[in-house]
Every structure is written in structure tokens, then in C-alpha cells.
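Position 1 is the first residue of the sequence, and the numbers go up from there.
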Amino acid sequence: MAAESTATDSHSASPLQRPWTPQSWTKMNTIAQNVEYGDSTAVHEVCNTIASLPPLVSPAKIEIARSHFAAAAKGRAFIVQGGDCAESFHDVRPHIINQKVKLLQEQSQMVAQGLNLPVITVGRIAGQYAKPRSNPWEILPDGTKIHAFRGHNVNGAGIGERCPDPHRLLLGYFHARATLDLMKERQLPVTPPATGPSTPGIDDTLFEKTVDPFESPEGTIFTSHEALHLPFESAVTHSRYNTSASFVWIGERSRQLNGAHVEYMRGLRNPIGVKVGPTMDGPTLVELLDTLCPNPENKDNIGRITIITRLGADCVEKVLPSLIQAVKETYHCPVWMCDPCHGNTQTTKDGVKTRHVDSILQELTRTYQTHRNNNSFMGGLHLEQTGEFVTECLDDTKLRSEQRLAFNYRSLCDPRLSNLQALKVVRSFVDFVRNCHDQTKD
């Protein structure tokens, strides 16, 4: 959507002074990753239709997720999050969804048993249909300029499908609904929280009071995705709940302090995340947290923000300590989560993006150890993975040659860990944590 980006008097005000609505982001100067549609009227009509449809996730379930994340922030639980880099509409099939769910459940069981903590399972699923791009345009070998592929709810991967189509947003809603229906077959329902004081101005069924975070049965998978396409995200936002997922995050390319994505995220009741790369410094991170959560001393905001570090294996020990210490000097109590995939992406000589399992594991273990060294708690891991056998990431046992990557490389964007690789990473991480605690006991 070619959203209005004209500056107003309100955009320069502090978050405490600035009124928030699900559409207040349209008044910001910076709207990163904006999609240029040819027909703005069609975009508005589609978004109005989406806004009239039932929530994909209930506000009550979002409040339960919020309580779970608060537990992880306090070191009383651990989050396992994983799924596709970019979901495909074509993968909304029972056997593919079942494989994804099974993988997440197996990983969560490993972590629960190995760390002796309750585990919160979160899928990058049922909504991860948009992807950021460094350049919104692509130049073909013949010099033709076309739109870059931005995810299935924007355009298609084929050369002839690149024109952004707003009706794909509606397809994204219904594919997410179908995915949730398929997931229900492998999950038990979430137990609603006990009745408590309602959020001011919101229906009495939407509870603000936190509940025992683990009264719900094991096997529940909360859904999540990057809140990238703001016209869609605001369309599914009712009161202060983004009802398309329990947990949403913004990335390295969209976390500008005065940008539209930060403006949109700061008003949500959902637990929210922000990706942090190696260029981040402590003062900027604190300023970002203050903007997203201006009342950190409020106990209701414990765990409201998840800091997802994606530093690269070689940068963890250089960058992370100062970030941890900067946050510790504030009232903020975030979840610290490690994304060991994005910072370790490399490109082969043939131009194929890949990742090495060893580098992923190194970032994960170094991040965990750095938190321990700084009296902090790493409360979650975040993996790009699939339940299928794909050949997109390298490891020492299965893919000795980069040429083998072409065997079954199916990702729409970044390389994903295969089922076996994803299990190996989690198993090795759990073994590392156990050894750390055993050495402490000795």
C-alpha cells in the first residue's frame, strides 16, 4: 500500500504524549518495506474486508501468551520458536503442516526434559507470508526491472507474478485460517485465564490480569510472524490486539525509532519482539525499548518485549555483553531470545544462500554462555526450519559439497534447517546447557 507518509505534528512527540491507533503508523515519515500497489482503492477495500472477518487468534489466547512470555523473562520458562523463513500458500497441506507441528513438539520435549523448565512452543506459522527485501526491485539479465518477490501475500515468486496484488492479502488470511484448522488436529485447546479485571475500554472477555502461565495443557503451539505488512496488520488489529497471531515481531530493516513499524507495535497488547543485529549499541537499544514500552516499571510489562539477537557466531562475545548491561541498568525486563540463523547466512560461489549447522550451534551456545557470564537469562531460541527433508543448510554429515544444495532447495527466501538438522541443533544445545550446569555443580 502506498501509505501516506507526510509528516505531521504528532510524529515528533514522545510515545507517552502521542495518541496511538492501529492506523497511527500512517502518519510517520519512515515507512520501511512499504509495498507499492497500483490501485490504492483496492488495497483499502481488501483491508476493510479483512477487518470485518473473525479473529484468527482470540484476545484471550493472546493474554495467555503474554503471561507465558512474562515467565520466560523471569527465567521460569523457555521459548522454542521455529518455522519457515517465508511460508508458501502451496504448503498449506495436512502432511506438511503435521511435519512442522511434530518437529516443534519434539524440540520442545527435548528442551523441557533437558533444561527442566516449562517450554512455550511458538511456530513461525499461519501468517509468515511477507518478507523484507534489501531492494524492492530486481533487475533481470536482459535489464528489465521488476518487483522483487515479497512473499505470497504480496506477489508470486514467478517472473510473471511480481506485480503486487492486494487480493493476496485476503488469500493470506484464509490460508492462515486453514493452517490453524490443520494444527488443531495435533493440539489440545488452550485453557482460558480465570476472570480478572478487564483492560479499560475493552470487552470484559479480554483479560488484562496475568494467570498461572502453565495451567494450559502441553502441546499448545502459539502462532507468530513478522509484522511487516502494516496495512494487513492494522486491519486485523482490534482494540489493542493483533488478532492474526499471539506473538509478532519487527526485524532489523524495520525497527527505526521514528519509523512506522515501531509506532504500530508500541500500542499492541500482544507480546512483541524486535530483531537486533551486530550494529546495535546499548543506548540505542534502550531508547528502542523505551519507545516500545514507555512504562517498564509496570509489572504488567514484564516480558512484553522479546529482544531477538541475531549477531552472527563471531560477533556474540563482542556485542552482546554491552547490550545486556545496558538493559540491566533500566527497569525493562524483556525476554532474551537467540536467532542463530540470520547472522550466519552465507552465499556460495554459485550465488546460493546457505547456512552451516556448526555456525548456528556456535552462536546459540555462545549466546547462552554470554548471558550466564553477565548474570542474565537467555529465555528462548528462534530457528528457521521445516519438518521436511530439504537441502538448504550445510552440515558435516549429509552435505559435504555445496553442489548438493540444489538437490531439494525449496525455500522461498532464506535457507531452512531440515528436520534432522533442526533436531540436531536443539539436541546439541540441550547437551551444552546440561554440561554448563554440571560444571557449576562440580
Side-chain angles (χ1 to χ4, degrees), residues 22 25 32-33 35 47 50 53 55-58 61-62 65-66 69 79-89 91-92 96-97 100-101 104 120-133 149-155 168-183 220-238 241-255 260-262 264-265 268-275 305-306 308 310 335 337 339 341-342 380-386 411-414 416:
W25 62 268
Q33 299 293 316
V35 178
C47 288
I50 292 171
L53 295 171
L56 293 168
V57 177
S58 72
K61 187 169 184 177
I62 293 169
R66 191 171 168 125
F69 276 67
I79 301 169
V80 173
Q81 182 179 12
D84 289 306
C85 168
E87 287 183 275
S88 169
F89 288 171
D91 285 349
V92 183
I96 295 178
I97 301 300
K100 294 177 182 179
V101 170
L104 281 167
I120 304 148
T121 309
V122 182
R124 287 175 57 115
I125 195 169
Q128 186 62 16
Y129 299 126
K131 287 302 297 179
R133 288 300 191 199
F149 174 57
R150 304 284 292 274
H152 270 175
N153 72 347
V154 176
N155 55 8
R168 282 179 170 269
L169 296 173
L170 197 56
L171 289 175
Y173 172 92
F174 286 113
H175 279 89
R177 176 75 274 164
T179 299
L180 290 168
D181 289 343
L182 290 169
M183 290 173 66
T220 296
I221 297 179
F222 295 97
T223 58
S224 68
H225 63 260
E226 181 176 359
L228 185 65
H229 195 291
L230 292 181
F232 175 85
E233 304 300 339
S234 56
V236 295
T237 302
H238 305 288
Y241 294 91
N242 181 320
T243 62
S244 66
S246 294
F247 174 58
V248 290
W249 74 89
I250 52 177
E252 272 277 274
R253 296 183 178 97
S254 56
R255 57 170 174 79
H261 288 79
V262 169
Y264 168 73
M265 295 285 277
L268 296 180
R269 280 288 300 176
N270 304 60
I272 59 175
V274 57
K275 291 280 188 86
I305 300 178
T306 298
I308 310 170
R310 39 153 296 177
V335 177
M337 178 182 286
D339 167 4
C341 294
H342 281 87
L381 60 87
H382 180 122
L383 299 175
E384 287 194 340
Q385 62 184 33
T386 178
S411 176
L412 289 176
C413 189
D414 291 339
R416 303 164 296 173

Do [X] and [Y] come within less than 4.5 Å of each other through their side chains, counting heavy atoms only?
X      : Y      : value
Thr220 : Thr121 : no
Arg150 : Val35  : yes
Arg66  : Arg269 : yes
Leu56  : Val236 : no
Val80  : His382 : no
Thr223 : Leu180 : yes
Cys47  : Phe232 : no
Val57  : Tyr241 : no

*Determine, step by step, whether Asn153 and His175 satisfy the side-chain contact (heavy atoms from CB on, under 4.5 Å) criterion, reporting the C-alpha distance in whole Å, the side-chain angles of both residues, the deciding distance to 0.1 Å, and the verdict.*
CA-CA 10 Å; Asn153 72 347; His175 279 89; over 6 Å; no

*Can Phe69 and Phe247 be said to form a ring-ring contact (aromatic ring centres under 6.0 Å, His included), step by step?*
CA-CA 10 Å; Phe69 276 67; Phe247 174 58; 4.8 Å; yes

*Would you say the side chains of Asn242 and Tyr264 form a donor-acceptor pair under 3.5 Å?*
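Asn242 vs Tyr264: donor-acceptor pair found between side chains.
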
_His225 side chain to Glu233 side chain, donor-acceptor N/O pair below 3.5 angstrom_ =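 A donor-acceptor contact under 3.5 Å links the two side chains.
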
How far does [atom1] of [X] sit from [atom2] of [Y], to the nearest 0.5 angstrom?
X      : Y      : atom1 : atom2 : result
Cys413 : Glu87  : SG    : CD    : 13.0 Å
His238 : Thr243 : NE2   : OG1   : 4.0 Å
Ser244 : Ile50  : OG    : CD1   : 10.0 Å
Phe89  : Thr179 : CZ    : OG1   : 9.5 Å
Arg255 : Ile250 : CZ    : CD1   : 8.5 Å
Tyr129 : Leu171 : OH    : CG    : 10.0 Å

Minimum-distance pair of heavy atoms, taken over all atoms of [X] and [Y]:
X      : Y      : result
Arg253 : Pro132 : NH1-CG, 3.6 Å
Pro22  : Thr237 : CG-CG2, 3.9 Å
Ala178 : Val92  : CB-CG1, 3.9 Å
Ser246 : Lys61  : OG-CG, 4.1 Å
Ala260 : Leu230 : CB-CD1, 3.7 Å
Ser224 : Val122 : OG-CG1, 3.5 Å

*Start with the C-alpha gap between Glu226 and Val248, add the side-chain angles, then the distance that decides, and say whether side-chain contact (heavy atoms from CB on, under 4.5 Å) holds.*
CA-CA 6 Å; Glu226 181 176 359; Val248 290; over 6 Å; no

*So, Gln128 side chain and Gly83 main chain: donor-acceptor pair closer than 3.5 Å or not?*
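No, because the side chain of Gln128 does not come within donor-acceptor range (under 3.5 Å) of the backbone of Gly83.
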
_Using only atom types and a distance under 3.5 Å, with no angle test, would you say the side chain of His342 pairs donor to acceptor with the backbone of Arg310?_
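Checked: no pair found.
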
*asked:* Does Lys131 qualify as a cation-pi partner of Phe149, given the criterion of NZ or CZ under 6.0 Å from the six-membered ring centre and within 45 degrees of its axis?
replied: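 Judged by the rule, Lys131 and Phe149 form no cation-pi pair.
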
*Walk me through it: do Asp339 and Lys275 pass the test side-chain contact (heavy atoms from CB on, under 4.5 Å)?*
CA-CA 8 Å; Asp339 167 4; Lys275 291 280 188 86; 3.0 Å; yes

*asked:* Could you go through Glu384 and Arg124, starting from their C-alpha distance and side-chain angles, then the distance that decides it, and tell me whether this counts as salt bridge (charged side-chain N to carboxylate O under 4.0 Å, His left out)?
replied: CA-CA 8 Å; Glu384 287 194 340; Arg124 287 175 57 115; 3.1 Å; yes

*asked:* Checking Ile125 against Asp84 for the side-chain contact (heavy atoms from CB on, under 4.5 Å) test, could you report, in this order, the C-alpha distance in whole Å, the side-chain angles of both residues, the deciding distance, and whether it holds?
replied: CA-CA 7 Å; Ile125 195 169; Asp84 289 306; over 6 Å; no

